[in-house]
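This report refers to the structure that appears directly beneath it.
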Amino acid sequence: MIAIVDCNSFYCSCERVFYPALANRPVVVLSNNDGCIISRTDEAKALGVGMAAPFFQNREIIEQNNVTVFSSNYNFYGDMSWRVMETLRSLAGVHNVEVYSVDEAFIDLHEIEPENLHAFAKKLKSTVEQWTGVKVSVGVAPSKVLAKVANHLAKKDKRQTDCVVVLDTDEKLLEALHKTPVKDLWGVGRQYAVKLNSMNIITAYDLSTMNETWASKFLGGITGVRLIRELKGIPAIDLLDELTTKKMIATTRMFGSPVNNLIDIKEAVATYTARAAEKLRRQHSVAKTISVFVVPKEKRGSGEGYRRESSLSNYRNLPIATSITNELIKPALQLAESLFEEGNSYQKAGVTLSGLYPESSVQSNMFTTAPSKSMNALMDMLDNVNFSMRDDVIKFAASGTTKNWKMRQEYRSPRHTTRWEELREVR
DNA sequence: TCTGGGGTCCTAGGACCC
DNA sequence: TCTGGGGTCCTAGGACCC
């Protein structure tokens, strides 16, 4: 059996830990740049605040109902996430926990006796809440997809389930499948939901009766086949090794306001490159390819709805794979220059590192030398300082100091857990 | 006025090779 | 004039996730 532990309204939950007075009040957390609502409590949801909805469209409801608003504070959430995951690891064993996202983890329960499943799930929940203050829901079932279904039901009716649902009999599984619309399944997005409904497949149960040949044809090949198997209770998506390394690393961000000069664009690109390089070093990889993209600000008619912007990008293959920040910044700045057009205004830029290899595999060729030991030692020191502060205390000159392009964060909470000077005071 | 920031996997199709 | 069959590698693009 597999469990998924999912934090309830994670970012809001984090904020509430340090503002207990908000316990039963509506709270929302905004995306970077204060653009969208990316986390909302049940109370905010009940008021009609939409998920992933633009902030400005919900402003009225928020102000009228005195909803508490926070800008996102990723240093703080990252630290809280780490605490939650450590708690789970200490209860279930390091090797049985797969951290799936900042607020979710799968747990392999093969070491737990069937009759103890429910008690163990409860223990996961109560311990996390006691040690970190973050509320969680737990779903338990024979496969990952079914565990997600269980978790969904646990969240939907918190009072009745007490946020724990264990699907350990065929009757419970069938009932759960009948109750779940296909659109709520993990792996079925908007496109597939429409397609399935048009074929008169409405509930998860309907989908579970389909065969694999059909799934292969209509639901994205092997992905669809795995979904069907998982729905039938046959695990088809492995618990991932904790040490799997990323195959691509990106850092991209909207600007606080449109940028129209090359100097600012280059500062932003240098900053993003430094951040991406840091992620790269953390997983002990080097990158062979770097690409940069910029998104011009679109001139839109008032009648048009929002649509995904189109970006301009360019890439470069490096002579030798590296994770040294300055070796990556140089080509990144050249790429930024090649993309920039005088007179244009830009709203976003990003840097992607790909062609990743373990750093131990780097070889020098005839024209280049392997990075010197001192350069690597410098990077280590920089990462240690910046990581311990969960922020960039030490930066590269190319990142600049003006930050005309940096994002808006009007409602950010203090970095309670990573800054002494921002620690909460209790009198 | 104002619409996030990361990632993954899969497939199709083109380039190239023998 | 005629123009195979099989393989690999790469990229772009679509779908999905939180």
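Just so we're on the same page: letters track the sequence lines, and every chain starts at 1. Keep in mind that the numbers below use all heavy atoms, side chains included, and drop hydrogens, waters and symmetry copies.
Remark: A:K179 engages A:E175 in a salt bridge (charged side-chain N to carboxylate O under 4.0 Å, His left out) (not counting sequence neighbours). Residues satisfying the salt bridge (charged side-chain N to carboxylate O under 4.0 Å, His left out) criterion with A:K125, sequence neighbours excluded, are A:E129. In this structure, the side chain to side chain contact (heavy atoms under 4.5 Å, CB included) partners of A:Q409, at least two apart in sequence or on a different chain, are A:N32, A:S71, A:M407, A:R412. Legend: residues meeting salt bridge (charged side-chain N to carboxylate O under 4.0 Å, His left out) with A:K330, ordered by chain and number and at least two apart, are absent. In terms of the salt bridge (charged side-chain N to carboxylate O under 4.0 Å, His left out) criterion, residue partners of A:K158 (sequence neighbours excluded) are, by chain and number, A:D42.
Here A:K232 does not pair with A:E212 in a salt bridge; the nearest charged N to carboxylate O distance is not below 4.0 Å. Comment: A:K144 engages A:E98 in a salt bridge, judged by a side-chain N to carboxylate O separation of less than 4.0 angstrom.
Here salt bridge (charged side-chain N to carboxylate O under 4.0 Å, His left out) pairs that include residues 313-325 of chain A, with residues two or more places apart or in two chains, number zero. For residues 191-204 of chain A, no residue pair satisfies the salt bridge (charged side-chain N to carboxylate O under 4.0 Å, His left out) rule, not counting sequence neighbours. Applying the salt bridge (charged side-chain N to carboxylate O under 4.0 Å, His left out) test to residues at least two apart or on different chains, the pairs with a partner in residues 44-65 of chain A are A:R59-A:E63. Legend: ring-ring contact (aromatic ring centres under 6.0 Å, His included) pairs involving residues 311-344 of chain A, not counting sequence neighbours, sorted by first then second residue: A:F340-A:Y346.
For the pair A:N32 CG and B:dC2 C1', the computed distance is 15 Å after rounding to whole Å. Distance, A:R408 CZ to B:dG4 P: 11 Å, rounded to whole Å. As a whole-Å value, the separation of A:D34 CG from B:dG4 P is 12 Å. Separating the CD atom of A:Q57 from the C1' atom of B:dT1 is a distance of 13 Å, rounded to the nearest angstrom. Between A:L353 atom CG and B:dG6 atom C1' the separation is 13 Å, expressed in whole Å. One interatomic measurement links the two molecules: CD1 of A:I37 to P of B:dC2, which rounds to 17 Å at whole-angstrom precision. Remark: C1' of B:dT1 and CZ of A:F55 are 13 Å apart, rounded to the nearest angstrom. Taking atom OH on A:Y77 and atom C1' on B:dG6, their separation rounds to 16 Å, with Å as the unit.
Residues from residues 181-204 of chain A that place a heavy atom under 4.0 Å from any atom of DNA chain C, listed by number: A:L185, A:W186, A:G187, A:V188, A:G189, A:R190, A:Q191, A:Y192.
When heavy atoms are screened at a 4.0 angstrom cut-off, A:Y100 is found touching the sugar-phosphate backbone but no base atom. Counting any heavy atom pair closer than 4.0 Å across all strands shown, A:D103 reaches sugar-phosphate atoms only and no base atom. Using a 4.0 Å heavy-atom distance criterion, A:N33 is classed as making no nucleic acid contact.
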Nucleotide-resolved protein contact map, nucleotides 7-14 of chain B, B/S/- at heavy-atom distance under 4.0 Å: SSSSS---
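Taking only side-chain atoms of A:C36, from C-beta outward, the nucleotide of C:dC18, B:dT3, B:dG6 with the closest atom is B:dT3. Nearest to the side-chain atoms of A:R253 among the listed nucleotides B:dT3, B:dC2, B:dG5 stands B:dG5.
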Per-residue pairing states of DNA chain C in dot-bracket (Watson-Crick or G-U under 3.5 Å; . unpaired, | other strand) read ....||||||||||||||
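The P atoms of C:dC18 and B:dC2 are separated by 29 Å, rounded to the nearest whole Å.
OP1 or OP2 of C:dC16 has not a single side-chain nitrogen or oxygen of A:K148 nearer than 4.0 Å.
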Would you please test A:F70 and A:Y77 for ring pair (Phe, Tyr, Trp, His ring centres under 6.0 Å) and show each step? CA-CA 12 Å; A:F70 291 97; A:Y77 308 146; 8.7 Å; no
